[in-house]
Amino acid sequence: MSASFIQPAHRIASFKPYFFASLNQKIAELKARNVDIIRIDMGSPDLPPADFIIETLVEHARRSDTHGYTPNGGFPAFREAVATYYRRRFGVKLDPMKETLALIGSKEGLFNLAQVILNPGDVVLVPDPAYPVYEAASVIAGAEVIKLPLKRENNFLPDLDEISPEILEKAKILWLNYPNNPTGAIAPLAYLEHIIQLAHRYHFIVAFDAPYTDICFGGYKAPSILQIPGAKEVAIEFNSLSKTYNMAGWRVGMAVGNPQIIQYLHTYKSQMDSSHFQPILLAAIAALTGDQSWIEERNRIYEQRRDLVVQALKKAGFEVEPPAAAIYVWAHLPAGYEDSTAFCTQLLEETGVSITPGIVYGTYGEGYIRISLGAPTERLQEAMARLTSWLQ
């Protein structure tokens, strides 16, 4: 029987598979031909969480009373742990039950924000290049997406002077992400203060995606946008244990900030998920409130990897600067290369090294590539050796 009558909803009919889903298929085909693949494309940490975090998970998973449902949005102890972390790390005071919410990874919260705030025809401001979920979530909600170019000459910050007052008047959400994926750029606190002032003046929401605030180099400490006076009135921040604590597969994140938005998200989530496995939340509490010193050593490893990648890329003819934060190196293709997809495809097929084309993150990402530092150092060294040899 033909199933041609089965058609997708209009809001997703034009969507293509997520880039990494398609890439996984290509890599599987190459591996089947015994090609040695080095993946430095995805932002997935290769290092484990600290032992005490894993031990907390195991201890509670062995109990007989920790396998039932947990409260939607996280039980109070987790939300209190989030508030404790924000107070210690950023000096930000949060009401645990009104201004924090557990997420099944911050990506879920980013997507859901668009669904609870946007109506068809609403205007959203999305950086370009950017994490693709900002645009995808907005489009699925029926919003009009206006791109804000992130250019090297502006330190990969949106040029606020280029946004007309007419657009700001219409905007309902401004998406921001610093430290930035994919560029590794950072935002000065004064810049964020100006953003909050604009949000108050024009009455839009600032959705601040901040999963890389604890991966910083050279003494830099990334801020929370909630440090800025008046931010809670217009902003919501998304954070995650994925990158800070090497817990990407555990799927634990949090939304913090404006209590009205938190409530909208909580209500929406109550209709679509049943929260987390309790031992994971208990381990997350241990991560947020326990010893943080191990993170410094982990960051030194990332910094060493960053330096070896930057050095190799410069030698190979890329235009690149060492990022002050995050786990990515964003580099402009060498002279003679313009198509980032073609470059990355050929590199993968001929060397087995998988990196991400900049075009995946938006029109203004064309001409760039992104390399993840989430691979063992020796494999990164091998990848850089293959890349530089291939380009000679």
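All residue numbers refer to positions in the sequence shown, counting from 1.
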Exercise. List the steps, then state whether side chain to side chain contact (heavy atoms under 4.5 Å, CB included) holds for K107 with Y131.
Key: CA-CA 10 Å; K107 184 177 182 180; Y131 188 36; 3.2 Å; yes

Practice problem: Provide the closest heavy-atom pair for W294 versus P49 in the form atom of the first, atom of the second, distance. | Solution: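 That would be CH2-CA, 4.2 Å.
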
Quiz item: Between Y85 and D214, do the side chains contain an N or O donor and an N or O acceptor separated by less than 3.5 Å?
Solution: yes

Quiz item: Would a distance-only check, ignoring hydrogens and angles, find a side-chain to backbone donor-acceptor pair under 3.5 Å from E237 to I225?
Solution: yes

Quiz item: Can V82 be reached from I280 by stepping across I, L, V, M, F, W or Y side chains whose heavy atoms are under 4.5 Å apart?
Solution: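 Per the 4.5 Å side-chain linkage, I280 and V82 are co-clustered.
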
Quiz item: F156 and Y328: same hydrophobic cluster, using ILVMFWY side-chain contacts below 4.5 Å?
Solution: no

Presence of salt bridge, [Y] and [X], under 4.0 angstrom:
X    : Y    : answer
E321 : R152 : no
R306 : E303 : yes
R305 : D46  : yes

Exercise. Carefully, step by step, assess Y361 and Y368 under the rule ring pair (Phe, Tyr, Trp, His ring centres under 6.0 Å).
Key: CA-CA 10 Å; Y361 303 99; Y368 289 85; over 10 Å; no

Exercise. Side-chain contact test, heavy atoms from C-beta onward, threshold under 4.5 Å: evaluate it for Y134 versus N177 and give yes or no.
Key: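 A side-chain contact exists here, since the closest heavy-atom pair is under 4.5 Å.
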
Practice problem: Could you point out which residue of V320, T356, D41, L313 forms a side chain to side chain contact (heavy atoms under 4.5 Å, CB included) with I371? | Solution: L313

Quiz item: Can you list the steps and then say if Y191 with L160 is a side chain to side chain contact (heavy atoms under 4.5 Å, CB included)?
Solution: CA-CA 9 Å; Y191 180 87; L160 303 177; 3.6 Å; yes

